Amino acid sequence: MSQSHLVAALQSAFGSDRILTSTEAMAGYLVDWTGNFRGEALAVVRPSTTAEVSALMRVCSENDVSVTAQGGNTGLVGGSVPLDGLLLSTVYLCTFEDFDPNSGQVTVGSGVTLAQLQEFAATHDLEFGVDLAARDSATIGGMTATNAGGIHVIAQGMMRKQVVGVEAVLPSGEVISTLRGLAKDNTGYDLTQLLCGSEGTLAVITKVRVQLHRPVATQLLVFGVDSISAALDTAAGFIGNISAAEVIDRASVECVHRVTGISVPFDSSFHLLLEVRGDLDFEALAQHEYLIVALDATDREKLWALRERVTESCAAEQVGVSHKLDVSFPQNTLGDAYTQLCDLLDRDGVTQVVIFGHLLDGNFHLFFTTPAADQEIEREVLELVARLGGSISAEHGIGRMKAAYLHLSRGESEISMMKALKSAIDPQGIMNPGVLFI
């Protein structure tokens with residue numbers, strides 16, 4: 001079947017409202033959030049049921065057409081931007097099914113946004129264990145496919161810890177399901193966890209069964225500290241009761257202040273945001289010279305904005321090409337890693353360097369700009385990460401951006417094993433080509 005006949009057949013099957021073919025209509029789907037990754041597609045298809053996804057995959061398999069699945073398109077590594085073929089948007093896969101108040105489990109369509117799931121959970125006096133600043137756009141399917149992290153990993157774990165089952169469509173069009181949500185099921189390979197973090201390279205996730213939790217009251221503390229080591233020492237006093245631990249360097253908070261007008265609490269090298277459970281020891285807290293305790297919801301929102309608005313503030317001031325890297329280090333090297341990263345980026349042509357992230361996860365988000373695209377600097381940063389025993393991708397995934405550097409964090413045998421799995425499930429190589437592997 002020719003490409004034109006394929007598109008015509010899809011238009012007939014899906015209708016003009018759910019398949020986009022014009023350059024203007026597809027434009028927003030073919031560029032990532034950073035603007036650094038752009039792609040092409042024959043069409044954007046927006047199925048609304050698993051059966052439609054299955055039918056689409058059968059047609060693509062029979063005609064050797066590649067498929068890139070896309071959720072909220074909030075990724076930062078080009079993982080949901082197609083090289084060619086079809087883009088499958090999950091925007092209409094937005095159901096809520098089979099809520100069980102006893103277990104706290106619910107099955108949601110992969111296109112449901114994090115904010116929608118949080119709202120659903122709240123109506124049942126529950127909460128979801130992962131939270132991201134991109135909550136209004138990020139989808140549960142995309143978060144599962146990338147094993148998203150966020151601010152509560154120290155307490156709740158990453159996305160895979162919240163996922164108890166998935167429904168997915170294989171490249172052949174066959175449907176697999178582990179949506180029973182069983183707490184115990186030792187019947188071979190864990191297909192649910194195999195798809196978590198697979199970045200759309202194995203199957204299209206259509207539904208996810210997630211675990212919700214009872215909320216626990218927390219208080220927000222903001223400290224001014226002068227080093228990463230001091231931030232770690234401060235956080236150590238609350239170990240066991242921490243819900244979130246975020247560190248933001250001075251360049252980050254000053255950028256937020258310039259763009260949003262939000263005041264910066266302390267003239268310190270870093271701000272440490274700690275969400276803690278349980279009663280506070282005010283006598284111990286009195287030993288900290290630079291400390292704010294959020295008094296109410298308004299305080300919490302304003303102080304959290306120091307962290308959550310860093311990305312948009314950097315984008316507002318961006319001049320040149322933006323580089324957004326997501327890396328992790330062993331905690332005992334975290335302070336040295338920050339210093340070495342700053343030293344590496346202290347060079348002509350590199351501007352707007354900000355570093356912030358999830359302190360107790362050892363995860364730094366590193367943003368900087370250059371006058372033009374400069375993969376050499378990215379390579380140097382990732383090689384530094386590898387030398388310090390870290391990971392080149394803490395939570396954003398590999399995508400297209402880091403595929404050439406996968407060997408820095410994975411051994412040859414590991415990569416061979418992953419490629420063998422990919423080949424066995426997707427022998428034609430039609431699922432998200434160019435992502436994860438080069």
Side-chain angles (χ1 to χ4, degrees), residues 32-38 75-78 225-231 246-259 264 267-271 306-307 309-359 362-409 438:
D32 81 324
W33 189 90
T34 69
N36 292 338
F37 293 90
R38 297 179 182 274
L76 299 175
V77 291
V225 295
D226 286 326
S227 68
I228 294 294
S229 295
E246 301 293 299
V247 66
I248 321 163
D249 73 359
R250 180 180 295 179
S252 299
V253 294
E254 288 179 349
C255 179
V256 172
H257 171 68
R258 287 192 301 270
V259 172
V264 177
D267 183 23
S268 56
S269 298
F270 301 91
H271 283 68
L306 287 170
R307 163 63 174 86
R309 301 191 69 177
V310 174
T311 300
E312 68 173 87
S313 298
C314 288
E317 291 193 337
Q318 177 182 330
V319 177
V321 176
S322 178
H323 303 261
K324 304 178 187 299
L325 298 176
D326 154 57
V327 296
S328 64
F329 301 91
Q331 268 199 22
N332 62 355
T333 68
L334 206 55
D336 185 40
Y338 178 85
T339 299
Q340 290 196 44
L341 286 170
C342 290
D343 289 345
L344 176 62
L345 295 171
D346 184 13
R347 61 175 74 183
D348 291 341
V350 176
T351 58
Q352 202 181 8
V353 179
V354 304
I355 300 177
F356 62 97
H358 316 298
L359 179 71
N363 179 189
F364 283 149
H365 296 304
L366 169 66
F367 291 3
F368 61 94
T369 58
T370 53
D374 193 334
Q375 294 182 342
E376 177 65 18
I377 296 182
E378 291 183 355
R379 179 188 63 77
E380 291 182 40
V381 170
L382 298 180
E383 287 180 347
L384 169 61
V385 171
R387 287 197 301 273
L388 293 175
S391 170
I392 65 169
S393 177
E395 57 183 5
H396 291 168
I398 295 296
R400 306 194 194 288
M401 178 183 180
K402 299 179 182 178
Y405 306 111
L406 182 60
H407 66 280
L408 294 176
S409 288
I438 55 173

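Computed over heavy atoms, backbone and side chain alike; hydrogens, waters and symmetry mates excluded. As the structure is a prediction and not an experimental result, all values here were calculated from the model.
- Distance CZ/R379 to CD/E376: 3.5 Å, rounded to 0.5 Å.
- Within 6.0 Å of atom CD in Q375, 12 or fewer heavy atoms from other residues, nucleotides or ligands are found, so the atom counts as exposed in its surroundings.
- Put simply, the side chain of K324 does not reach to within 4.5 Å of the side chain of H396, judged on heavy atoms.
- A parallel orientation is assigned to the rings of F368 and H323, their planes being inclined by less than 30° (bins at 30° and 60°).
- Using a 4.5 Å heavy-atom threshold, the side chains of V381 and L345 count as touching.
- Side-chain atoms of Q318 come within 3.5 Å of backbone atoms of G320 as a donor-acceptor pair (strictly under, hydrogens ignored).
- Side-chain contact between L384 and L341: present, with at least one pair of heavy atoms (C-beta onward) separated by less than 4.5 Å.
- In this structure, CG on L408 lies 12.0 Å from OG on S393, to the nearest 0.5 angstrom.
- A distance of 13.5 Å separates OG of S269 from CD1 of I248, quoted to the nearest 0.5 Å.
- We find the CZ-CD distance between R258 and E254 to be 6.5 Å, quoted to the nearest 0.5 Å.
- Sparse packing is recorded around CZ of R38, with 12 or fewer heavy atoms of other residues, nucleotides or ligands lying under 6.0 Å away.
- Under a 3.5 Å cut-off, the side chain of K402 and the backbone N or O of I392 do form a donor-acceptor pair.
- Counting only heavy atoms from C-beta outward, the side chains of F37 and V77 never approach each other to under 4.5 Å.
- Between the CG atom in L76 and the OG atom in S322 there is a gap of 9.0 Å [rounded to 0.5 Å].
- In this structure, D226 and F270 approach most closely via the heavy-atom pair C-CD1, 3.9 Å.
- When every heavy atom of F367 is checked against every heavy atom of L325, the shortest pair comes out as CD1-N, 4.5 Å.
- Within the 4.5 Å cutoff, side-chain heavy atoms of L334 are placed close to those of L359.
- The two residues L306 and V310 have their closest heavy-atom pair at O-CG2, 3.2 Å.
- No side-chain donor-acceptor contact under 3.5 Å links D336 to the backbone of Q340.
- Side-chain contact between V353 and C342 is absent, with no heavy atoms from C-beta onward closer than 4.5 Å.
- Of all heavy-atom pairs between V247 and A231, the closest is CG2-CB, 4.5 Å.
- Among all heavy-atom pairs drawn from S268 and V225, the shortest one is CB-O, 3.6 Å.
- Put simply, the side chain of V259 does not reach to within 4.5 Å of the side chain of E312, judged on heavy atoms.
- Separating the CD atom in E378 from the OG1 atom in T370 is a distance of 8.0 Å, to the nearest 0.5 Å.
- Considering all non-hydrogen atoms of both residues, G349 and P371 come closest at O-CD, 3.1 Å.
- Side-chain contact of D249 with S252: a donor-acceptor pair under 3.5 Å is present, judged by distance alone.
- Aromatic ring pairs are classed by plane angle as parallel below 30°, tilted from 30° to 60° and perpendicular above 60°; the pair F356 and H365 is tilted.
- Side chain of N363 to main chain of D326: no donor-acceptor pair is present (N/O by atom type, distance under 3.5 Å, no hydrogens or angles).
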